[in-house]
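Each remark here refers to the structure printed beneath this line.
As a basis for the values below, the full set of heavy atoms in this structure was taken, side chains included, without hydrogen atoms, waters or symmetry mates. Each chain gets a letter, A, B and so on, in the order its sequence line appears, and its residues count up from 1.
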Amino acid sequence: MPMITYREALNQALREEMARDERVLIFGEDVVAYGGAYGVTSNLVKEFGEKRVMDTPIAELGIGGTAVGAAMGGLRPVAELMTINFALLASDAIINHAAKVLHMFGGQMSVPLVFRMVGGGGAQLASTHSQSLEPMFAHVPGIKVVMPATPADAKGLLKSAIRDENPVLFIEHALLYRVRGEVPEGEYLIPLGKAEVKREGSDITLVAYSRSTLVALEAADRLSQEGIEAEVVDLRTLRPLDIETVLTSVRKTNRAVTVEEAWRTYGIGAEVASRIQEEAFDYLDAPIRRVAGVEVPLPYAKNLEQAAIPDAGRVVEAVKQLFARTAA
Amino acid sequence: MPMITYREALNQALREEMARDERVLIFGEDVVAYGGAYGVTSNLVKEFGEKRVMDTPIAELGIGGTAVGAAMGGLRPVAELMTINFALLASDAIINHAAKVLHMFGGQMSVPLVFRMVGGGGAQLASTHSQSLEPMFAHVPGIKVVMPATPADAKGLLKSAIRDENPVLFIEHALLYRVRGEVPEGEYLIPLGKAEVKREGSDITLVAYSRSTLVALEAADRLSQEGIEAEVVDLRTLRPLDIETVLTSVRKTNRAVTVEEAWRTYGIGAEVASRIQEEAFDYLDAPIRRVAGVEVPLPYAKNLEQAAIPDAGRVVEAVKQLFARTAA
Amino acid sequence: MEASTVAHIAGSGLDKKTLLNFLHQMLLIRKFEDKSAELYARGKIAGFLHLYNGQEASAVGAISTLSEQDLLITHYRDHGYAIARGMDVNRCMAELLGKATGVAKGRGGSMHFFDASLGMLGGWAIVAGHMPLAVGLGLASNYLAKRQVVLCIFGDGATNNGYFHEALNMAKLWKVPVVFLCENNLYGMGTAVHRASAVVEMIRKAAPYDIPAERVDGMDVLAVRAATAKAVEHARRGDGPYFLEVVTYRFRGHSMADPILYRDKAEVEEWKQRDPIVIFRARLEQEGLLSPQELEQIERETDELVVEAVRFAEESPDPPLTDLYEDIYASP
Amino acid sequence: MEASTVAHIAGSGLDKKTLLNFLHQMLLIRKFEDKSAELYARGKIAGFLHLYNGQEASAVGAISTLSEQDLLITHYRDHGYAIARGMDVNRCMAELLGKATGVAKGRGGSMHFFDASLGMLGGWAIVAGHMPLAVGLGLASNYLAKRQVVLCIFGDGATNNGYFHEALNMAKLWKVPVVFLCENNLYGMGTAVHRASAVVEMIRKAAPYDIPAERVDGMDVLAVRAATAKAVEHARRGDGPYFLEVVTYRFRGHSMADPILYRDKAEVEEWKQRDPIVIFRARLEQEGLLSPQELEQIERETDELVVEAVRFAEESPDPPLTDLYEDIYASP
Ligand SMILES: Cc1ncc(C[n+]2csc(CCOP(=O)(O)OP(=O)(O)O)c2C)c(N)n1
Ligand SMILES: Cc1ncc(C[n+]2csc(CCOP(=O)(O)OP(=O)(O)O)c2C)c(N)n1
Ligand SMILES: [Mg+2]
Ligand SMILES: [Mg+2]
């Protein structure tokens, strides 16, 4: 299988879906000549022309709303909001419009669309450009929220998102674009709403998503050198949440730690931990711990930013504390 | 103590703070002649004039941003966003601006302001006007989120919110405005970030906030008739979250159920449950259960809407299941 | 009010049948609204109820210019648009009563009338939020070469919102076939136009987008019809968006919850002298196009339709509780 | 470009000291930016770095009209504004290097320069998001009778955002003393103005708010100065907001990450012929206001300031890790 980057995998998914379905079009800020702020749409205009790859003004309210309208009109827009930080300006279009159409109007119309955006920190972009706001959107029924961790997942999930009949928020991670991995050529689909065990292990379950999955995998390798075999579950989709895969793992390992870049309070790990204790209470040998982003606006200075984002070290530490606790 | 409504208590708090501090002013949609969509600001213009009570256009981006600027300019604005559903349009001003000023600019300036809004469902306003989006905002460090359940708390917390040096989201509940209760006259302050035990009990802890607190209290009365004494903890402030009061209660009762109108997944109960199992794991006799809003856009039809919002019956049921479980 | 002069009826190029149908529609809307107010007072209708009394000429005149495949998207004060577009009044009333037979299965209520089969795409309750949706619909129309025109209706208050600005700019850039129709009824909730907008003539707001604009007397159904016909023609030709300001007035409060403390009775009474239904009826009579018998028949028909609508709605079943869980996600 | 004609220097009413200081400031900004680019290439500066090369006349001319108590609030391309407002270049450079001595303690970086003591209130990175903040600051100025004028600077791209529309409308309604200065550098990121805006003259966008507007040559520091002085005077008099379009050009990419695939070299070269610093220096020389010695001294002083700034920044300590937890909430 060819080794390509996460960015190339996304570009490939977009190209394939546009070639497959005439109704798929892309619009957003600087997606044409610039190829997108992160280069994901580069060269697509050459192949599909400006009718299907359109620049927009800096108008997130407008981009959000036009995407909903275009979907109602029979298209399958892939609208780029650039970053999840700007998606707040489209949150009304997403939550009060896209998420409501199907149910509120009696099931007469669905809105198949994808909002692509980058999320996460680590690139020293300071506090308004480094957020992990996915918990805010994942809270809302009527939309789906997808966050791929690998190039292969990026391709397979984006293709499925574009084919989905519902509004899908597709959140990429700034620090993953250059990551390489094996990606199947051509038709390759990963169903939305399915988590994946990225590493098997018997002693503890690490639950993560997006870039944090790589952090969890690194932590698992380190733990393994100390005789602790961690299983790593990559949620991949935050809504609908595939808790079954998590529970199956925890019933085997009896322990869990969640890993996320988002702020801890009211974050993704909170829901995962709650579900685990609700549905696997008697299997737990220890409380579920959460490793999450420090609850501060992310600063520019590298040393401060790094201290605020979970790394393998913090995950290893949290796991060891759990074992120390149960040993004691 | 005089018995007044939740609405009157809020109006009284606004009046007292405006009389106390010249820098306090109110602006928002229809806050002058209309007295606010829910009548909370009625007659204030008569007393303080249009310099201190100002109507705005239907411009939530503008209201959000001008409030931040006014606070930076030395005022203490109380901006009304009408409902939390429209607050999504101000979410960028709140999250990317208000919440960032103090830290991002090196601590040079704070933004003392209050965003007032109504939240919650039950009035048959359909799915874009009935949401409980507080988990989205409570997730964000740099702001405080307050949700009073009683007239007295409404007054004491609003006065404290106006005096706070930070951006505070003050979320009222549409179905509480007519509720009456004893409210101390004059200077009466309740510190932000402090939960309150609204009912003592030894068998189980019910954790709630806003209108759900009344639901929990009703459930507690019913349970008591069946010999189960529930303790009801009213969070009152969602950020900062006073988990200590919750933990103290749970260490005594060894069981907990959370009650909220918000959607279950990634909701308020998820954080509360996670914290409890993290910090009181060995005290738990049973998993923490969550009674929350059904995960659908809230419909207009009364029977459907009622079925989607937690009531005392569902809380009682959840509690009984817990005891059945542990009995078994 | 400097509004485009009224097309003389003979010169309106409309046959008698069409003209009488306008009267029929306006009366039906008026009676539907009055009945809704009554049912609200009796507790049969809940939630927010925004009535259209006084603005009937706008919906009837404008929507009459659309062809079958065209699309309509509006704000929440939507009963008049739905009826003018030919939606089933029985199912509209059933929606207000929250019944399973409602146009949105009772899930949407007053603010969310919708009928995909007629191209009535809502009924939206976030002020100005539906404006970019109209642009998206226009984009789809161009993209799929459907030659569908999109009529987007909103109020004066909506023009102060960021959605308005972003939508009009994108509409012009993308040259979408959207007719933006602003019903300037002089108030946004309880706020007079001059208190919320730096300029009181809404047409001035189309200038920075280079979108042609016209201001028209909203109490004159034929004037609205004529102006909208021109706008729709412009859009269908492929010349892009068009902006219409329809100057009108709402006779009732913003919603049934409105205490109406912000305007005095005299102003309301003055505007009621310009009741679009009374004016149009008188003109038809002057022109000898409406006999007492014909009027009486129209009155009777419209009365019966409303009575029947209420009967249908009241006899309809509530939605089954299982409906709560339907249509949250669409399956592929 | 049809821009207001250049004020003849003699007629500018400015003394030599002021004029030479303009040259000094523009050169300092240019050199600060070039050095920043170099440090970014060497990996000493990270994140987004938006440089101001080519636009110096706008910041220097406009900000020179503010009095001490006035306020300045800008978008993220903010080094030039900070320097023109007199912020300490040492601490500005330290901010770029993420040091504890930075103007935002290293927490903000390039996009968030801030100095409350000088009324420079940021440095904001959400396009157009700071515009209503300016209105709020103006409201406070009126409310507290401070007679502070607020200068709000943003780009052409920002004018297409809903924030722009809501802010200008509210500014006019509330009659706040805000001067909105739009730097039209012909591109928003990689998108040419005509691809993002229905109209290419930004002044046309002030019309629907009844805000007086003027378009000025942004390569001419004295023209910018004259126009802004008028606008500030208008605002200070209590006549409300004013809108300025400063037509300029950025010589470098949107940010250091910009591959610049959207404009051709010829266009850039053509604009470089109109380098505001070269033009102004030549004019000073023509007018006999700048001797070779004086020029040499200004060059030396500005070189030294930048060298010193880098030294200061590099020798400054990183923020202590404890700083991460500081200033999340203010205590009463
Ligand atoms: C974004 C948003 N803000 C506020 C409201 C509350 N609201 C509902 S209708 C309305 C007034 C709208 O006035 P206008 O646009 O003139 O329409 P009209 O009701 O006069 O027909 C307001 C403020 C809302 N629904 N959405
Ligand atoms: C709301 C928002 N959307 C998108 C961006 C990304 N972005 C940063 S700068 C920029 C271009 C701004 O152009 P303009 O306003 O003309 O200012 P200039 O950079 O040309 O000085 C964009 C799209 C952002 N920061 N904020
Ligand atoms: Mg109106
Ligand atoms: Mg620009």
Side-chain angles (χ1 to χ4, degrees), chain C residues 126-133 135 138-139 154-176 178 180 182 184 187-188 191-213 215 239-243 245, chain D residues 126-133 135 138-139 154-176 178 180 182 184 187-188 191-213 215 239-243 245:
Chain C
I126 300 298
V127 168
H130 64 297
M131 298 187 70
L133 271 65
V135 176
L139 174 68
F154 52 94
D156 48 281
T159 66
N160 303 314
N161 192 278
Y163 268 126
F164 169 91
H165 180 65
E166 297 189 8
L168 266 69
N169 185 50
M170 290 172 81
K172 176 68 178 194
L173 284 167
W174 290 350
K175 236 176 170 229
V176 293
V178 178
F180 292 102
C182 176
N184 181 357
Y187 293 88
T191 305
V193 169
H194 72 274
R195 289 174 60 88
S197 177
V199 295
V200 295
E201 305 84 15
M202 299 298 115
I203 38 171
R204 289 183 59 183
K205 303 194 182 197
Y209 318 104
D210 243 336
I211 294 177
R215 191 168 207 240
D239 293 343
Y242 202 99
F243 185 94
E245 174 180 3
Chain D
I126 300 298
V127 170
H130 64 296
M131 298 186 69
L133 271 64
V135 176
L139 174 68
F154 51 94
D156 47 281
T159 65
N160 302 314
N161 192 279
Y163 268 126
F164 170 91
H165 179 65
E166 297 190 8
L168 266 70
N169 186 51
M170 291 172 80
K172 177 69 177 192
L173 284 168
W174 290 350
K175 236 176 168 225
V176 293
V178 177
F180 293 101
C182 176
N184 180 358
Y187 292 88
T191 305
V193 169
H194 72 274
R195 289 174 60 88
S197 177
V199 294
V200 296
E201 305 82 18
M202 300 297 115
I203 37 171
R204 290 184 57 182
K205 303 194 181 196
Y209 317 104
D210 244 335
I211 294 177
R215 192 170 207 239
D239 293 344
Y242 203 99
F243 184 93
E245 174 181 4

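Listed by first and then second residue, the salt bridge (Lys or Arg N to Asp or Glu O under 4.0 Å) pairs involving residues 203-213 of chain C are C:E201-C:R204, C:R204-D:D210, C:D210-D:R204 (not counting sequence neighbours).
To the nearest 0.5 Å, atom NE2 of residue D:H165 and atom OG1 of residue C:T159 are 6.0 Å apart.
A heavy-atom distance below 4.5 Å is found between the side chains of C:E166 and D:N161.
Of the residues considered (D:A196, D:A167, D:A207, D:A171), D:A196 shows the highest number of contacts with chain C, using heavy-atom pairs under 4.5 Å.
Across every non-hydrogen atom of C:P208 and D:A198, the tightest pair is O-CB, 4.2 Å.
At a 4.5 Å heavy-atom cutoff, C:A206 makes no contact with chain D through either its backbone or its side chain.
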